[in-house]
Student: 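Would you mind keeping the following structure in view while I ask a few things?
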Amino acid sequence: METHSDPGGLLDKEIQEAVNEQIRGELYSAYMYLGMSAHFAEQNFDGFARWMRHQAQEELQHAMRLYGYLLERGGHVDLRAVEAPPTKLGKPLEVFEAALAHEKKITTMIHAIYDLARKKKDYATEAHLQWFVTEQVEEEGNAGLAVEQLQLAGDDTSALLMLDHRLGQRSKG
Ligand SMILES: [Fe+2]
Ligand SMILES: [Fe+2]
């Protein structure tokens with residue numbers, strides 16, 4: 001079936017490919033945050049563990065937003081292998097720095113799909129991605145703030161425990 005035969009339905013192939021890759025990216029993010037959560041739980045940083053677990057759940061919701069969007073547009077959901085996240089994780093600062101670096105990568109991916117949607121005049125995809133553009137500002141902001149606070153705490157155990165407590169307030173889940 002030709003993709004242009006149904007103006008409101010079937011989605012451009014390149015867009016579909018990019019959105020499917022983004023679903024993989026969001027699922028990988030969830031997997032990565034879950035690994036970070038376990039790492040912190042094992043080290044008795046319960047607050048950091050909760051922050052990461054909350055983040056993992058958000059990433060699953062991001063994947064589901066894109067999944068729902070593809071289906072709504074008559075696209076094809078093509079689930080791909082999600083690689084294992086790094087298993088050797090270091091100190092809290094290093095872990096949050098890795099999270100921040102990952103979020104920046106995700107932002108670049110989102111912007112690339114946004115550019116593609118614009119180029120192809122796919123206004124619906126552009127509009128849907130607007131939410132993600134805004135969300136990424138918040139994601140980078142949250143991780144960036146944690147990095148800055150951890151830099152201030154340094155190796156001071158009581159400062160670290162205070163931060164652990166504070167970041168754990170993010171969600172009660
Ligand atoms: Fe995400
Ligand atoms: Fe994220």
Side-chain angles (χ1 to χ4, degrees), residues 11 14-41 45 47-73 75-118 122 124-151 163-164 166-173:
L11 205 44
E14 245 184 295
I15 300 256
Q16 281 194 62
E17 169 61 25
V19 174
N20 274 306
E21 270 303 305
Q22 192 63 38
I23 290 175
R24 187 224 298 266
E26 301 295 341
L27 290 173
Y28 174 80
S29 302
Y31 218 26
M32 179 195 78
Y33 283 120
L34 199 57
M36 289 172 171
S37 182
H39 170 75
F40 284 132
F45 283 123
F48 296 149
R50 200 174 307 130
W51 193 98
M52 290 292 174
R53 194 175 155 139
H54 178 96
Q55 193 60 41
Q57 281 162 353
E58 280 203 2
E59 301 298 354
L60 275 181
Q61 286 169 14
H62 297 168
M64 291 314 293
R65 260 179 189 265
L66 295 167
Y67 170 100
Y69 179 69
L70 271 186
L71 291 178
E72 203 180 348
R73 290 290 306 279
H76 173 59
V77 172
D78 176 27
L79 296 177
R80 288 124 195 236
V82 178
E83 76 243 58
T87 47
K88 286 196 173 166
L89 299 170
K91 293 179 177 180
L93 175 59
E94 293 166 339
V95 176
F96 276 90
E97 278 174 342
L100 177 59
H102 178 72
E103 288 300 340
K104 286 181 174 170
K105 214 177 104 186
I106 291 289
T107 299
T108 304
M109 286 174 77
I110 295 284
H111 290 176
I113 312 178
Y114 195 89
D115 281 344
L116 185 67
R118 279 205 159 171
D122 181 347
T125 297
E126 192 181 321
H128 189 77
L129 284 170
Q130 189 64 55
W131 183 89
F132 283 88
V133 171
T134 307
E135 175 69 9
Q136 280 310 115
V137 174
E138 197 186 313
E139 296 270 87
E140 286 190 29
N142 288 340
L145 179 64
V147 165
E148 284 173 23
Q149 289 175 332
L150 282 163
Q151 279 167 344
L163 261 185
D164 178 58
R166 193 191 295 172
L167 289 185
Q169 301 294 308
R170 181 183 180 183
S171 80
K172 286 156 192 130

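Order of appearance sets the numbers: ligands from 1, and atoms from 1 within every ligand. In this text the structure is predicted, and so the values were computed from the model without any measurement.
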Student: Which residue pairs pass the salt bridge (Lys or Arg N to Asp or Glu O under 4.0 Å) test with at least one member in residues 129-142, sequence neighbours excluded?
Tutor: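 Of all non-adjacent pairs touching residues 129-142, none passes salt bridge (Lys or Arg N to Asp or Glu O under 4.0 Å).
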Student: What verdict does the ring-ring contact (aromatic ring centres under 6.0 Å, His included) test give for Phe48 and Phe96, after you've listed the backbone C-alpha separation in whole Å, the side-chain angles of each residue and the deciding distance to 0.1 Å?
Tutor: CA-CA 9 Å; Phe48 296 149; Phe96 276 90; 5.6 Å; yes
Student: Using atom types as modelled and distance alone, determine if a side-chain donor or acceptor of His39 lies under 3.5 Å from a backbone N or O of Gly90.
Tutor: yes
Student: Around the Fe ion (ligand 1), how many protein N/O/S atoms fall inside 2.8 Å?
Tutor: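 Protein N, O or S neighbours of the Fe ion (ligand 1) under 2.8 Å, waters not counted, come to 3.
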Student: Going by side-chain contact (heavy atoms from CB on, under 4.5 Å), name the residues that satisfy it together with Asp122, two or more places apart in sequence or in a different chain.
Tutor: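 With sequence neighbours excluded, Asp122 shows a side-chain contact (heavy atoms from CB on, under 4.5 Å) to Leu11, Ile15, Tyr69, Arg73, Ala117, Ala124, Thr125, given in chain and number order.
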Student: Do His54 and Gln57 meet the criterion of a side-chain donor-acceptor pair at a distance under 3.5 Å?
Tutor: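 No.
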Student: So, using side-chain hydrogen bond (donor to acceptor under 3.5 Å, both in side chains) as the criterion, who are the partners of Asp78 when residues are at least two apart?
Tutor: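 With neighbours one apart ignored, the set is Arg80.
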